[in-house]
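Model, not experiment: these values are computed from the prediction. In what follows, chains carry the letters A, B, and so on, assigned in the order in which the sequence lines appear, proteins first and then strands, with residues in each chain numbered from 1. Keep in mind that the numbers below use all heavy atoms, side chains included, and drop hydrogens, waters and symmetry copies.
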Number of protein chains: 2
Amino acid sequence: MESSTVTGGGSSRREATRQKLYEAAVTLIAEQGFSATTVDEIAERAGVAKGTVYYNFASKSVLFEELLRHGVGLLTASLREAAEKTAKDGGGTVDALDAMIRAGLVFIERYPAFTQLYVAELWRTNRAWQSTLMVVRQEAVAVVEGVLREGVERGELSNELDVPLTAAALVGMVLVAALDWQSFQPERSLDDVHSALSRLLQGRVSGTR
Amino acid sequence: MESSTVTGGGSSRREATRQKLYEAAVTLIAEQGFSATTVDEIAERAGVAKGTVYYNFASKSVLFEELLRHGVGLLTASLREAAEKTAKDGGGTVDALDAMIRAGLVFIERYPAFTQLYVAELWRTNRAWQSTLMVVRQEAVAVVEGVLREGVERGELSNELDVPLTAAALVGMVLVAALDWQSFQPERSLDDVHSALSRLLQGRVSGTR
DNA sequence: GTTTTTGAACTGACTGGTCAGTGCAAAAAC
DNA sequence: GTTTTTGCACTGACCAGTCAGTTCAAAAAC
């Protein structure tokens, strides 16, 4: 029986184990933080022995770094797809941003633990995995920046717009609103959250109507 | 000389020691996280003996909780003051929001470590200090929600506006933009950041001019 | 003289990482 | 077709080190 090659990685027994370890680690680290999560816990949750963790990953930190890369890879792919699909359907820049907001919300709804963990670690300094985190952050923000920049070039967005800062602000808006939604108002629908953010993006906050 | 710490002024000798401990703890925990920070480190950084930590605080967790309460107290006071001052000067709701954004940025510029730590812990679950965190979060968000709600009542904001979600989104926008600013573009001025966020708030993103 | 701080020793529980050994399915040898 | 070998993936007991929290006599500050 050979490789039913799923995207990017082979599907050996080993790969399945790694996947289980990712899933176990992401939940535990999101809840407790990296340091408070023990390798024993991760192994137990994944249903494997502790030694297996070290057979598959060089160290606890390396497991975490690869988890980060894996997760952000999924996010950027999703954002990029949303932007491209909008462009192909003849939508403008604002439509693309709106589609990316929705894609971001869908991602966070699906992988809340990863999002939580990412936010918690992103601005720490002096950590072993800081360089990985920087790279991975830039990948994600770059997608948003790209759409903004193109919008400015095409005259659809104000040329006074500060691309990097606005990108960060938009990402933050979605991130925090979504985490708050998940944590404190889980009964709300994704559409609710999306329309509230959409309204904010399009400046339809002021005015009585 | 008072260095920038999250604590306000104290009077007794004991209070001074507590402040030194807060200051040491906030930096270390922001950088490394709660679990990775040892009590020995905190004591050393504060320049006191380990025994002093336990003379002043019942435990490491209690020290952390009191730190949280104090820091968020300062933030909410600052936000509230900004909103009230704007109201007194005859500004509208949007002006009040703008003033609060600025107040938030000033706070984050002054206490970056506290902000970082707060964001890192806010959405965690199953932590000992979760209830403290919830209370403290609500205090802060309530200020923003209050201004939004009043704006809707006075017809200055759309009555379709989702108050809690918009409040969370605004807070997130400021938080993430500011942390990104501090971490990745520290050369930018506060005014730069403020005007970019202000533009976003007022929907002056679209359009060429 | 009372409050606060010191500083070093100690405990008991926990943690990241190691390693000799097991299980097993496919390949090789017969 | 049966037996033997190979080597990958996994196991779990074990180790050396670490940390929160305690204790306390003595000093310092007030």
Original post:
With A:E145, which of A:V163, A:T166, A:V171 fulfils side chain to side chain contact (heavy atoms under 4.5 Å, CB included)?
Top reply: A:V163

Subject >> Value rounded to 0.5 Å, distance of OG1 in A:T125 from CD in B:Q182 >> reply: 12.0 Å

**OP:** Write down the distance between CG (A:L21) and P (D:dC10), rounded to a whole number of angstrom.
**Re:** 9 Å

Original post:
Considering Watson-Crick and G-U wobble pairs with both distances under 3.5 Å, what does C:dG21 pair with?
Top reply: D:dC10

Subject >> B:D162/A:R199 under salt bridge (Lys or Arg N to Asp or Glu O under 4.0 Å): CA gap, chis, key distance, verdict >> reply: CA-CA 10 Å; B:D162 188 317; A:R199 197 170 288 132; over 6 Å; no

Original post:
If you pin A:V53 and B:T38 to their nearest nucleotides in DNA chain D, which one's is more 5'?
Top reply: A:V53

Original post:
According to the side-chain hydrogen bond (donor to acceptor under 3.5 Å, both in side chains) rule, which pairs have a member within residues 92-108 of chain A, sequence neighbours left out?
Top reply: A:T93-A:E156, A:D98-A:H194, A:D98-A:S198, A:R102-A:D191, A:R102-A:H194

Original post:
Rounding to a whole Å, what distance do you find between A:I42:CD1 and D:dT11:P?
Top reply: 15 Å

Subject >> Euclidean distance, atom CG of residue A:D40 to atom C1' of D:dA13 [Å, nearest integer] >> reply: 11 Å

Original post:
Just how far, in rounded Å, is C1' of D:dC19 from CD of B:Q32?
Top reply: 14 Å

Original post:
Want to settle it: does A:S35 or A:G51 sit nearer the 5' end of DNA chain C, counting the closest nucleotide to each?
Top reply: A:S35

**OP:** Report the nucleotide, chosen from C:dG16, C:dT3, D:dC10, that has the shortest atom-to-atom distance to any side-chain atom of A:Y55.
**Re:** D:dC10

Original post:
Using purine N1 to pyrimidine N3 plus N6-O4 or O6-N4 for Watson-Crick, or N1-O2 and O6-N3 for G-U wobble, each under 3.5 Å, what pairs with D:dC30?
Top reply: C:dG1

Original post:
Would you say a side-chain N or O of A:T52 is under 4.0 Å from OP1 or OP2 of D:dA9?
Top reply: no

Original post:
What nucleic acid atoms does A:T37 come within less than 4.0 Å of, heavy atoms only: base, sugar-phosphate, or nothing?
Top reply: sugar-phosphate

**OP:** Would you kindly give the NZ-to-P distance between B:K20 and C:dT6, to the nearest whole Å?
**Re:** 7 Å

**OP:** Would you tell me if any nitrogen or oxygen in the side chain of A:N56 comes within less than 4.0 Å of OP1 or OP2 on D:dC10?
**Re:** yes

Subject >> Side-chain donor/acceptor of A:K60 to base of C:dG17, under 3.5 Å >> reply: no

Original post:
Are the side chains of B:L117 and B:F34 in touch, meaning some heavy atoms are under 4.5 Å apart?
Top reply: no

Original post:
Got a donor-acceptor pair under 3.5 Å from the side chain of A:K50 to the base of C:dG16?
Top reply: yes

**OP:** Check the distance between C:dT15's P and A:Y54's OH and give it to me in whole angstrom.
**Re:** 12 Å

Original post:
Between atom CZ in A:F57 and atom C1' in D:dC10, what is the gap in whole Å?
Top reply: 14 Å

Subject >> Any A:T17 side-chain N or O less than 4.0 Å from OP1/OP2 of D:dC10 >> reply: yes

**OP:** Could you please name the option among C:dT6, D:dT11, C:dG17 that lies closest to any side-chain atom of A:A49?
**Re:** D:dT11

Original post:
To the nearest angstrom, how far is A:R14 atom CZ from C:dA25 atom P?
Top reply: 19 Å

